[in-house]
Novice: 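My structure is below; once you've seen it, I'll send some questions.
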2 protein chains.
Amino acid sequence: MSDLSKRRLKAWIRLLGVTRAAENHLREYLRVNHATTLPRFDVMAALYRRREGVTMSELSRMLLVSNGNATAVVDRLEGEGLVRRTPSEADRRTVHVALTPTGATQFEGLAADHEAEVDTLFAALDENDLDTLADIMKRARGQA
Amino acid sequence: MSDLSKRRLKAWIRLLGVTRAAENHLREYLRVNHATTLPRFDVMAALYRRREGVTMSELSRMLLVSNGNATAVVDRLEGEGLVRRTPSEADRRTVHVALTPTGATQFEGLAADHEAEVDTLFAALDENDLDTLADIMKRARGQA
DNA sequence: CACATTTATTTCAAGTTTAAAATTTCAGCA
DNA sequence: TGCTGAAATTTTAAACTTGAAATAAATGTG
């Protein structure tokens with residue numbers, strides 16, 4: 001157990017702590033101010049980024065969650081008319097999921113507030129920190 | 001929506017991506033090689049760090065999860081004899097949770113392998129990166 | 001002391017998440 | 001064509017997680 005490996009472990013624990021704290025904060029924020037949840041927000045954000053729609057598999061890969069999970073969250077959003085499933089014409093196994101106009105409109109309001117909340121959450125980090133962090137994260141991601 | 005706020009959002013999304021990818025990797029690792037899960041590992045790690053035992057509230061604060069969640073995971077670990085609940089003598093509302101000798105022994109094996117896995121997962125980060133990251137994380141944590 | 005408030009924990013319902021199994025469809029090939 | 005294996009999605013069971021309600025016990029205040 002080298003010293004370096006212990007330091008990697010500590011850095012990971014710290015990273016996890018910051019992430020969990022921020023997620024808890026954002027979850028509470030979405031619940032209180034927008035009556036929604038983090039997983040729903042994540043799905044809507046992914047669909048907003050890919051307005052033309054994505055397949056269920058693409059969606060679960062984007063969010064790094066299992067297929068079954070994506071199915072469950074999309075089911076609920078579809079039930080509320082925020083999201084629409086369209087069977088693919090080319091491949092009958094495939095389904096395209098996309099935001100409905102209602103869903104897109106709702107997400108735009110959500111996204112602006114979410115961005116503002118993230119901004120205050122990480123207010124302590126300046127441009128230099130953000131560059132450095134982005135760089136480190138980019139290199140860390142390579143292995144996983 | 002300032003440029004800086006957009007950069008904070010991007011940094012957060014990147015942070016979340018790395019954390020999720022690493023968690024998925026470690027979850028898979030614990031499942032395949034040790035037949036256990038991340039939440040169980042987290043509880044055992046917290047109890048190993050505080051060998052004398054902690055209250056349920058301390059435990060949920062340490063892990064940043066709800067009380068009900070801590071109760072559920074501790075219930076399962078207790079059922080398997082890895083963890084023990086002891087009613088407090090001073091305050092009858094309070095319960096002390098601690099690893100059993102079996103639990104402590106099992107965790108020691110788990111922890112060594114876990115550390116090694118984290119080490120390979122973040123092998124791309126050197127000492128300098130780790131220092132910088134730790135510093136940034138420490139400052140980021142202040143707000144949440 | 002009596003009562004209201006706070007604190008610690010558990011219970012509960014609903015939602016989230018995973019991994020594995022089941023279904024359906026597609027693609028390649030003998 | 002008919003078969004085999006791969007791919008996309010859903011379903012299922014079990015575990016995890018939250019937030020709120022319920023319990024129980026301690027604390028503080030009149």
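Numbers restart at 1 for each chain; the letters A, B, ... are given by sequence-line order, proteins then strands.
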Novice: For A:Glu28 and for A:Val95, locate the closest nucleotide of DNA chain D by heavy-atom distance; then report the residue assigned to the nucleotide nearer the 5' terminus.
Specialist: A:Val95
Novice: Any carboxylate oxygen within less than 4.0 angstrom of a Lys/Arg side-chain nitrogen, looking at A:Glu115 and B:Lys6?
Specialist: yes
Novice: Is B:Ser57 close enough to C:dT7 that one of its side-chain N or O atoms is under 4.0 Å from OP1 or OP2 there?
Specialist: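 For B:Ser57, the contact criterion (side-chain N or O under 4.0 Å from OP1 or OP2 of C:dT7) is not met.
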Novice: Want to settle it: does B:Asp91 or A:Asn69 sit nearer the 5' end of DNA chain C, counting the closest nucleotide to each?
Specialist: B:Asp91
Novice: Looking only at side-chain N and O atoms, does B:Asn67 come under 4.0 Å of OP1 or OP2 in C:dT9?
Specialist: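 For B:Asn67, the contact criterion (side-chain N or O under 4.0 Å from OP1 or OP2 of C:dT9) is not met.
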Novice: Is any side-chain nitrogen or oxygen of A:Arg61 closer than 4.0 Å to OP1 or OP2 of D:dA8?
Specialist: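 Negative; the distance criterion is not met.
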Novice: Report the distance from atom CZ of A:Arg93 to atom C1' of D:dT10, rounded to the nearest whole Å.
Specialist: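 Nearest whole value for this atom pair: 14 Å.
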Novice: Between the side chains of B:Arg85 and B:Asp75, is the shortest nitrogen-to-carboxylate-oxygen separation below 4.0 Å, so that they form an ion pair?
Specialist: yes
Novice: Between B:His96 (NE2) and C:dT10 (P), how many Å, whole number?
Specialist: 12 Å
Novice: Does C:dG15 have OP1 or OP2 sitting under 4.0 Å from an N or O in the side chain of A:Arg76?
Specialist: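 No, no such contact exists.
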Novice: Is the shortest heavy-atom distance from the side chain of B:Phe107 to the side chain of B:Arg40 under 4.5 Å?
Specialist: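 Counting from C-beta outward, B:Phe107 and B:Arg40 never come under 4.5 Å.
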Novice: Would you indicate, yes or no, if C:dA8 has its OP1 or OP2 atom less than 4.0 angstrom from a side-chain nitrogen or oxygen of B:Arg92?
Specialist: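 Result: no.
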Novice: Give the stems involving DNA chain C, where a stem is 3 or more consecutive Watson-Crick or G-U wobble pairs (i with j, i+1 with j-1, and so on) under 3.5 Å.
Specialist: C:1-30 with D:1-30
Novice: Would you mind checking if A:Glu117 and B:Arg8 are paired as a salt bridge, meaning a charged N to carboxylate O distance below 4.0 Å?
Specialist: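 Judged by the 4.0 Å cut-off on N to carboxylate O distance, B:Arg8 and A:Glu117 do not form a salt bridge.
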Novice: Nearest to the side chain of B:Val65, heavy atoms from C-beta on, is which of D:dA26, C:dT18, D:dT18?
Specialist: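 Of the options given, the side chain of B:Val65 lies nearest D:dT18.
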Novice: Quick check on D:dA8: is either OP1 or OP2 less than 4.0 Å from any side-chain nitrogen or oxygen of A:Arg85?
Specialist: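 Checking D:dA8 against A:Arg85, no side-chain N or O comes under 4.0 Å of OP1 or OP2.
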Novice: The side chain of A:Pro39 is closest to which nucleotide in this list: C:dA8, D:dT17, C:dT17?
Specialist: C:dT17
Novice: A:Thr94 side chain N/O closer than 4.0 Å to the phosphate oxygens (OP1, OP2) of D:dA8?
Specialist: no
Novice: Is there a side-chain contact between A:Thr71 and the phosphate of D:dT11, meaning an N or O under 4.0 Å from OP1 or OP2?
Specialist: no
Novice: Please give, in whole Å, the distance from D:dC16 C1' to B:Leu38 CG?
Specialist: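 Result: 11 Å.
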